[in-house]
**Student:** 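For reference, the structure I am asking about is given below.
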Amino acid sequence: MKNLLPRHYVFLGLFVLTALVMSLNIKLDVEVSENTKRLYGFIDSLPENSYLIVSFDHEASSIPEIKPIATALLKHAFSKGHKLIGLSLFSEGTLIGYRLMSEIGREYDRKYGQDYVYLGFKPQYIAAILSMGESIPKTFPKDYLGNKYSDIPILSGIENYDDVSAVLSIADGSLTTHWIEYAGMRYNIAVVAGVAAAMVTTYDPYLEAGQMHSMIGGLRGAAEYEKMLGYDGGGARAMLAQTTAHLYVILMIIIGNVIYFRNRKKGIS
Amino acid sequence: MIDWGTIVAGILTLAVLTFLYRDNPLYKMAESILIGISIGYTLVIVWQTTLVDLLFDPLFGDSRLSLLIPLILGLLMFSRFLSKYSFLSKIPIAVMIGSGAGVAIPVMIEARTMKQISATVAPLVSSSGMPDISALVVLVGVISTLIYFYFSREHKGFIGRIANLGTYFLMIFFGATFGYTVMSRMSTLIGRMEFILTDFLHLTQ
Amino acid sequence: MTRKFALMTCFIFGLVMFVQYFSNHPTAKLLNQSILEYWQIIFAFTLIVGIAGFIMNSVRELREGESKIYKLASLGGLILMPLLAMIWGIKADTPFTWIFENVQVPLQATVFSLLAFFVASASFRGFRARSIPAGILLASAIIILISRSSIPGFQFDFLTDFANWLRSNPAMAARRGILIGIGLGSVTTSLRVILGIERTWLGGK
């Protein structure tokens, strides 16, 4: 105990508190935000059999946050009977995206190659996004499983963005920006997104300017989407722990400031 | 049946968490394994999905000889390891940098500048013909932030006051971003805690 | 000579990619598609070169006896992944994917989750209202954090509305200002690169 520093107590407090509230298994109600409603409405209003590109633009590190978001969005898209074209512009998102699409596709009895397909990864996201605008088959001559593009039934007649209704970017970083700027602006395709909470403020100008149709952010966004879909998933399960962690951070800020102002009053820097 | 995947993942997760006490051999080992595995993974994925699918298969399978150009340019990158010929690697770099700069200009003007300026000015007058207060706040915020980052003139007098106002807008933005970043980081922690408590230790359901 | 050739290459590719943006001519489209394909292939080679550099450095450090066991773990992981991919392939449910899902993903996610602890610690130790701008930053962060929490029995309608307004107006305005600045900066830099004024990417003098 002698070796413990103040930061260790802060760490311990966060760890114990999070573990405790997670063992309580209490689900909190969340109010659905306008942004979530807009994204839900967008996917919901697309006619059946609309083509959607689902791009898994994230790394393995953010999977605890990204998975509930992607799950909720894929569940909605599959349940509405949309045709999904999965791909990844981050090498690490490749396998994660394939797994998610396969698992959720199976849940809704959707068939690989007919109802959805997974094209895999291509590097240099700007080049890949622009290249797809000219020709998707030339950018992805084969799917993730090694099937030729021309042999996959769902892809017959899909040449470029003109044949697709929207791009759904699931991102933990700034990659959605490139979808908005290079695919959205140049090829005029609608871009929607599910992003890590840390990126929400980065995308606000695009959202307000109408360059991005709508987005959900973080576990809270996932929880709101799950509520609209009527199931409790990773987002809803995490809300109590998330709220507790927020309050813990606020408490740390307050304690830190109280100590600071007391010391300042006493003349200790 | 024993789920070896969960056991391995659980042990590695705990090994990383030991870093919270201090740097130690267990963490260093986990970190080294992660570096090796992730580079190996990237190598395999890039090799298969790009070099095989976009280059080797069409070049050697379908005899698309035009692909010899990127093959040669790509191989020139390896000249970096030969100090006498390392200058050759500048040619493929020139292709990438030139192409990137070329496509960026119109996109940056259109998507990042014009569209954002128009979205700032357009909502100033609402449909009822009345000035929109929020839109005015946005206009002031955008201009003052731009002036804050304008270093060609000293931030004194009127310019200084506007730049100072820009600081307040920036602080609101950074604060909001910090708030959302806390959300993100806590989400990742919650995900790992859920794994430890539920999947690995079976303490919760 | 090579410097001039590299500058020329950069200029030509930059100009072609810039001009083709405004053209729908089939030749321009074909040229665009080809250059984008080349770009991706060369980029893949640069990744391979980076990995080769990592291997060479690790081997050198291994020979010099620096952190031997950790270097061996990294290199072992790096060799293991391509080996597994060569023997069993990279599709789902292969040893390659097993390692990715049970070693790489938990390790990477846990390393990332450490940030949650450091964010909490930083909030305690460094997030002080030392000045008015710092106070604004702090208040903005707290408002956002509370508005995105769901506390049973508490309704934060006013706070949620205010937080949303804050995010969509002053915070967004600052971000937009930054975005416009980056946009203009990118255009200038891209032009300088294409015209050969900006040459730092060539290295040397």
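A note on names: the letters A, B, ... follow the listed sequences, proteins ahead of strands, and every chain is numbered from 1. Scope of the values below: all heavy atoms of this structure, side chains included, with no hydrogens, waters or symmetry mates.
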**Student:** For V44(B), is it the side chain, the backbone, both, or neither that has a heavy atom closer than 4.5 Å to a heavy atom of chain C?
**Tutor:** side chain
**Student:** Got a sec, which pairs hit salt bridge (charged side-chain N to carboxylate O under 4.0 Å, His left out) with one end in residues 173-199 of chain B, sequence neighbours left out?
**Tutor:** R237(A)-E194(B)
**Student:** Heavy-atom cut-off 4.5 Å, strictly under: side chain, backbone, both or neither for S184(B) against chain C?
**Tutor:**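 Neither part.
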**Student:** Picking from G100(B), S134(B), G141(B), which has the most non-hydrogen pairs under 4.5 angstrom with chain C?
**Tutor:**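 Between G100(B), S134(B), G141(B), the count favours S134(B).
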**Student:** In terms of heavy-atom pairs under 4.5 Å with chain C, which of S99(B), A135(B), A9(B) leads?
**Tutor:** S99(B)
**Student:** What option among Y150(B), F149(B), F169(B) has the most heavy-atom pairs under 4.5 Å with chain C?
**Tutor:**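 Between Y150(B), F149(B), F169(B), the count favours F169(B).
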**Student:** Mind running side-chain contact (heavy atoms from CB on, under 4.5 Å) on W98(C) and V8(B) for me, showing each step along the way?
**Tutor:** CA-CA 11 Å; W98(C) 192 91; V8(B) 170; 3.8 Å; yes
**Student:** Among M193(B), Q116(B), Q48(B), single out the residue with the greatest number of heavy-atom pairs under 4.5 Å to chain C.
**Tutor:**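 Heavy-atom pairs under 4.5 Å are most numerous for Q116(B).
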**Student:** What verdict does the side-chain contact (heavy atoms from CB on, under 4.5 Å) test give for L189(B) and L115(C), after you've listed the backbone C-alpha separation in whole Å, the side-chain angles of each residue and the deciding distance to 0.1 Å?
**Tutor:** CA-CA 8 Å; L189(B) 171 67; L115(C) 288 173; over 6 Å; no
**Student:** Can you tell me how far CD1 of I11(B) sits from CG of N102(C), rounded to the nearest 0.5 angstrom?
**Tutor:**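 CD1 of I11(B) is found 11.5 Å from CG of N102(C).
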**Student:** What's the shortest heavy-atom distance between C10(C) and I97(B), and which atoms?
**Tutor:**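 Smallest interatomic distance, heavy atoms only, reads SG-CG2, 4.3 Å.
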**Student:** Side chains of T120(B) and R176(C): do they bring a donor and an acceptor to under 3.5 Å?
**Tutor:** yes
**Student:** State, yes or no, whether a side-chain contact exists between L138(C) and F178(B) at a heavy-atom distance under 4.5 Å.
**Tutor:**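 The answer is no, as the side chains (C-beta and beyond) never meet within the 4.5 Å cut-off.
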**Student:** Quick one: pull up CG in L107(C) and OG in S32(B) and give me the separation to the nearest 0.5 Å.
**Tutor:** 10.5 Å
**Student:** Write out, in numerical order, the residues from residues 121-128 of chain C with a heavy atom short of 4.5 Å from a heavy atom in chain B.
**Tutor:** S123(C), F127(C)
**Student:** For I172(B) and I136(C), work out which heavy atoms get closest and say how close.
**Tutor:**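 Taking every non-hydrogen atom into account, CG1-CG2, 3.5 Å.
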**Student:** Where do W165(C) and V137(B) land on the side-chain contact (heavy atoms from CB on, under 4.5 Å) test, with the steps shown first?
**Tutor:** CA-CA 11 Å; W165(C) 182 85; V137(B) 170; 4.1 Å; yes
**Student:** Using a cut-off of under 4.5 Å for heavy-atom pairs, which of A15(B), G166(B), G10(B), P25(B) has the most such pairs with chain C?
**Tutor:** P25(B)
**Student:** Where is the tightest heavy-atom contact between G40(B) and M81(C), given as atom of each residue plus distance?
**Tutor:** C-CB, 3.6 Å
**Student:** If you measure from CZ on F87(B) to CZ on R3(C), what distance do you get to the nearest 0.5 Å?
**Tutor:**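 One gets 12.5 Å once the value is rounded to the nearest 0.5 Å.
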**Student:** Show the nearest heavy-atom pair for residues L145(C) and G179(B), with the distance to one decimal.
**Tutor:** CD2-O, 3.5 Å
**Student:** On a heavy-atom basis, which atom in Q104(C) and which in S38(B) lie closest, and how many Å separate them?
**Tutor:**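 Closest approach of Q104(C) to S38(B): NE2-CB, 3.4 Å.
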**Student:** What are the two closest heavy atoms between S186(C) and M108(B), and how far apart are they?
**Tutor:** CB-CG, 3.7 Å
**Student:** Count the heavy-atom pairs under 4.5 Å between each of F195(B), Y41(B), W47(B), W4(B) and chain C, then report the option with the highest count.
**Tutor:** Y41(B)
**Student:** Quick one: which residues of residues 73-80 of chain B reach chain C at under 4.5 angstrom, heavy atoms only?
**Tutor:** L73(B), G74(B), L75(B), M77(B), F78(B), R80(B)
**Student:** Which residues, numbered in order, of residues 37-48 of chain C come under 4.5 angstrom of chain B by heavy-atom distance?
**Tutor:** E37(C), Y38(C), W39(C), Q40(C), I41(C), I42(C), F43(C), A44(C), F45(C), T46(C), L47(C), I48(C)
**Student:** Heavy-atom distance under 4.5 Å to chain C: side chain of L170(B), backbone, both or neither?
**Tutor:** both
**Student:** Quick one: pull up CD1 in I109(B) and OG in S190(C) and give me the separation to the nearest 0.5 Å.
**Tutor:**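 Atom-to-atom, I109(B):CD1 and S190(C):OG are 9.0 Å apart.
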**Student:** With a 4.5 angstrom heavy-atom cut-off, which part of T188(B) approaches chain C: side chain, backbone, both or neither?
**Tutor:** both
